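Step one of this worksheet: look at the structure below.
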Amino acid sequence: MELSDYQVPVNFIQEIIDQDKKTNKYQGRVHLRFPPEPNGYLHIGHAKSICLNFGLAIKNQGLCNLRFDDTNPSTEEVEYINSIINDVRWLGFDWGDRLFYASDYFEKMYEYAINLIKMEKAYVCDLSPEEIREYRGNFTTPGKESPYRNRSVEENLDLFQRMRAGEFPDGSKVLRAKIDMSSPNLNLRDPVLYRIVRASHPRTGDKWCIYPMYDYAHPLEDYIEGITHSICTLEFEDHRPLYDWVLNTLNLPHPPQQIEFARLNLTNTVMSKRKLRRLVEEGYVNGWDDPRLPTISALRRRGYTPEAICNFCERIGVSKSNSTVDIRFLEHCVREDLNKKAARVMVVLDPIKLIIDNYPAEQIEEIEIENNPEDPAYGSRKIPFSRVLFIEKDDFCENPPQGYFRLSPGKEVRLKGAYIIKCVGLVKDEESGEIKEIHCTYDPESKSGKPGAKRKVKGTLHWVSAAHAIQTEVRLYDYLLLSTPEEIETEEEDKKDDFIKKLNPDSLKILTGCLAEPELRDAKKGSKFQFMRKGYFCVDLDSQPDRLIFNRIVSLRDNWERTAQINNM
RNA sequence: UGGGGCGUAGCCAAGCGGUAAGGCACGGGAAUUUGGAUCCCGCAUUCGAAGGUUCGAAUCCUUCCGCCCCAGCCA
């Protein structure tokens, strides 16, 4: 993945880095980190952060660590650690030997906490969670100091050591920073630094029963790793004074700086861990890699390329204003990438039989077709052509509307790579009136490549030979939501997750009677194609040699469908 | 309500006192054996609003308005 090939747009974070280089703030070092908590699957919002951090490192000849922020064992699991490592690597990034865990630093963090106690900057507090909340006050009322705030250094040291030793039950005591109970910033009203939690940690097992809080742990993790710029999302802006407090109070040299940017929102989908989990757990989708989801694993399964995702993340920009990016821009980025890379093939999704009356019944021709008009290096392949074919049902219309230039009675179209045909008759079901067969004649002189092919016909159709086509299943995906979840949330009623009401009932359509050209018989899982005139498709994980299954990654842009819709045809 | 942020086109987003980049979307056209891709052309007299400073303001100042975040022993 040549990220350095991209013209990375300069954003405000790069400007800060430039400034710091100029003033030699970190001796010219640029060191970032992507710090996921292993409590869920990564989604495209994380991809934005990953591309930002690793991208900035590449652009500035710096480094970027992968660090798991595993400070809360009650929600974190190894399964997530593995999936995250896999996803970041798949996106194309490399952290060298710098895969770290916050839990690696628990001992050091504990020692720093001891220092804070000795400096009279931290104390053990016996207040219950409810009491702490009451003492904290609120936006309008300043907080009250805890009665335990002025315990002696010795007592605090003793108590904290015994907290670690497991002498007290969960929730009975916490270590708190001694800052300012009347601060207008609630984060500074003696925030909790350590809590007692008896939960088995994915990495440290039962070694610890006290765990550091994010606000205390994160600046130390960054400091210990020599991070220079600690990038996080907007909601942590209020926490920055605390981030700085920890580092300054402990008097640590060259403290890293926290910089906040706006997280990614996308239309027509959900991005919050809570909502994603609900979709998965309540069966609205089939697992974390259901191709309708915006998780990295789902995008991968659906057929999105890492290049398309990274390019998208670069191009949406980085700023501090809350924004919701139109999902059609993401689609644009995959189409752009796949247009260059995907071999063209012909697959009829919704077949109707077409018989060429004047074509010899036993004859089979090998038609040669280019694999990718964008790139001759893709070469060509041969496709069998015969008297009985299948074409797309909506490529025929008995009473065509204005502007329709596919097949209709008496009209001519070209069969891609083969001949020009003319519709001369129909066979209908006597009962239903449904069209069963389309009858045509072909012009033998019009074969592609021959002089007679120069004739202009408006439409070109894709097709398969009935005797040679292979049966496939195709899964068509559409937007998960019919709009963005925020739109309902402002309609107040939400808060209890009414985004479910916005779920698109047609987000998945399974087509089982699709017919593919024989070339696709050996297509491997994960390989991607352009089904001509239809879209980009990817062989699904569920696919078997005797039961080919394709996912639609994204449709092709379709001007006709748009005009047809506008004219209500 | 106190604090912290953010307001540039339908959606992102440049712009950093010298007269509104770019992309997506949208509209029109050329070409086309994919109604794809490609190529042209169009798309903010105005930057949340109002005042002020200045020869000159999206950029500086003042006031106002709107939206987002914070009252976890989550991150």
Side-chain angles (χ1 to χ4, degrees), chain A residues 9-11 15 35-37 39 69 71-72 74-76 125 127-129 132-134 136-143 170-176 183-189 191-197 211 213-215 217-218 232-241 260 262 264 267 273 315-333 335-336 339-340 344 346 369-370 372-374 403-406 413-418 420 448-449 453-454 456-462 490 530-535 555-564:
Chain A
V10 173
N11 55 56
E15 285 174 0
E37 183 191 13
N39 71 345
D69 206 0
T71 57
N72 184 4
S74 50
T75 58
E76 297 157 5
C125 182
L127 255 26
S128 69
I132 287 186
R133 196 186 319 127
E134 287 163 21
R136 185 159 37 225
N138 54 40
F139 295 150
T140 48
T141 323
D170 287 15
S172 61
K173 284 180 167 48
V174 290
L175 184 74
R176 291 229 254 166
S183 171
N185 181 345
L186 304 213
N187 293 122
L188 263 22
R189 320 247 262 228
V192 171
L193 266 25
Y194 271 90
R195 74 286 214 185
I196 304 173
V197 180
Y211 290 93
M213 298 286 289
Y214 170 87
D215 285 322
H218 210 86
C232 66
T233 43
L234 249 29
E235 67 270 26
F236 291 100
E237 215 148 14
D238 287 343
H239 297 239
R240 191 179 345 126
E260 310 84 11
L264 169 66
T267 62
K273 276 181 187 171
R315 293 216 265 162
I316 52 176
V318 179
S319 75
K320 295 189 68 154
S321 51
N322 290 319
S323 58
T324 302
V325 176
D326 194 328
I327 198 162
R328 288 176 301 178
F329 185 50
L330 211 212
E331 295 180 339
H332 165 79
C333 291
R335 286 195 188 103
E336 188 179 61
N339 178 49
K340 292 177 298 191
R344 273 60 171 169
M346 295 199 287
I369 297 190
E370 58 192 341
N372 188 344
E374 298 294 312
Y404 185 87
F405 48 86
R406 276 111 102 144
V413 292
R414 180 184 303 281
L415 293 176
K416 173 71 189 177
I420 292 172
S448 289
K454 293 241 161 59
K456 296 275 182 229
V457 277
K458 269 190 283 184
T460 300
L461 310 185
H462 57 104
T490 47
Q530 185 198 93
F531 289 3
M532 292 199 81
R533 306 206 303 134
K534 283 294 162 189
S555 66
L556 248 33
R557 290 189 61 195
D558 188 346
N559 283 310
W560 168 244
E561 192 173 302
R562 270 188 291 164
T563 25

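Remember, predicted model here, so these are calculated numbers, not experimental data.
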Worksheet item: Residues in ring pair (Phe, Tyr, Trp, His ring centres under 6.0 Å) with A:His218, at least two apart?
Response: A:Tyr214

Practice prompt. Grab the CG-C1' distance between A:Leu127 and B:G72 for me, whole Å please.
Written response: 15 Å

Fill in: Contacts of type side chain to side chain donor-acceptor pair (under 3.5 Å), residue A:Ser321, not counting sequence neighbours
A:Ser319

What's touching nucleotides 46-49 of chain B from the protein side, N or O pairs under 3.5 Å?
none

Fill in: Any A:Arg133 side-chain nitrogen or oxygen under 4.0 Å from OP1 or OP2 of B:G72
yes

Response to the item:
A:Glu235 meets the side chain to side chain donor-acceptor pair (under 3.5 Å) criterion, sequence neighbours left out, with A:Thr233, A:Arg263

Fill in: For A:Asn322, side chain to side chain donor-acceptor pair (under 3.5 Å) partners two or more places apart
none

Discussion item. Heavy-atom nearest nucleotide on RNA chain B for A:Leu330 versus A:Ser74: which residue maps closer to 5'?
Written reply: A:Leu330

Discussion item. Restricting to salt bridge (charged side-chain N to carboxylate O under 4.0 Å, His left out), what partner residues turn up for A:Glu336, sequence neighbours left out?
Written reply: A:Arg315

Worksheet entry | Residues that A:Tyr404 engages under ring pair (Phe, Tyr, Trp, His ring centres under 6.0 Å), provided they are two or more places apart | A:Trp560

Worksheet entry | Euclidean distance for C1', B:G22 against B:G17 (whole angstrom) | 23 Å

Worksheet, complete the sentence: A correct 5'-to-3' footprint of nucleotides 4-12 of chain B, with B, S and - meaning base, sugar-phosphate only and no protein heavy atom under 4.0 Å, is SSS----SS

Discussion item. I want to verify a distance call: between B:C69, B:U1, B:G72, whose nearest atom is closest to the A:Glu235 side chain?
Written reply: B:C69

Worksheet item: Can you name the residues that form a salt bridge (charged side-chain N to carboxylate O under 4.0 Å, His left out) with A:Lys173, not counting sequence neighbours?
Response: A:Asp126

Worksheet item: If the sugar-phosphate is the primed atoms plus P, OP1 and OP2 and the base is the rest, what is the B/S/- string for nucleotides 32-41 of chain B, using protein heavy atoms under 4.0 Å?
Response: -BBBBS----

Discussion item. Please give the distance between the P atoms of B:U63 and B:C69 as a whole number of Å.
Written reply: 26 Å

Practice prompt. Report the residues that fulfil side chain to side chain donor-acceptor pair (under 3.5 Å) with A:Ser172, sequence neighbours left out, ordered by chain and then residue number.
Written response: none

Tabulate atom names and distances for all N/O pairs under 3.5 angstrom spanning the protein and nucleotides 15-17 of chain B.
unit_1	atom_1	unit_2	atom_2	d
B:C16	N4	A:Glu15	OE2	3.2

Discussion item. Quick one about A:Asn185 and A:Ser183 (side-chain donor to acceptor, distance below 3.5 Å, no hydrogens or angles considered), yes or no?
Written reply: no

Worksheet item: Is there a donor-acceptor pair closer than 3.5 Å between any side-chain N or O of A:Thr75 and the backbone N or O of A:Asn39?
Response: no

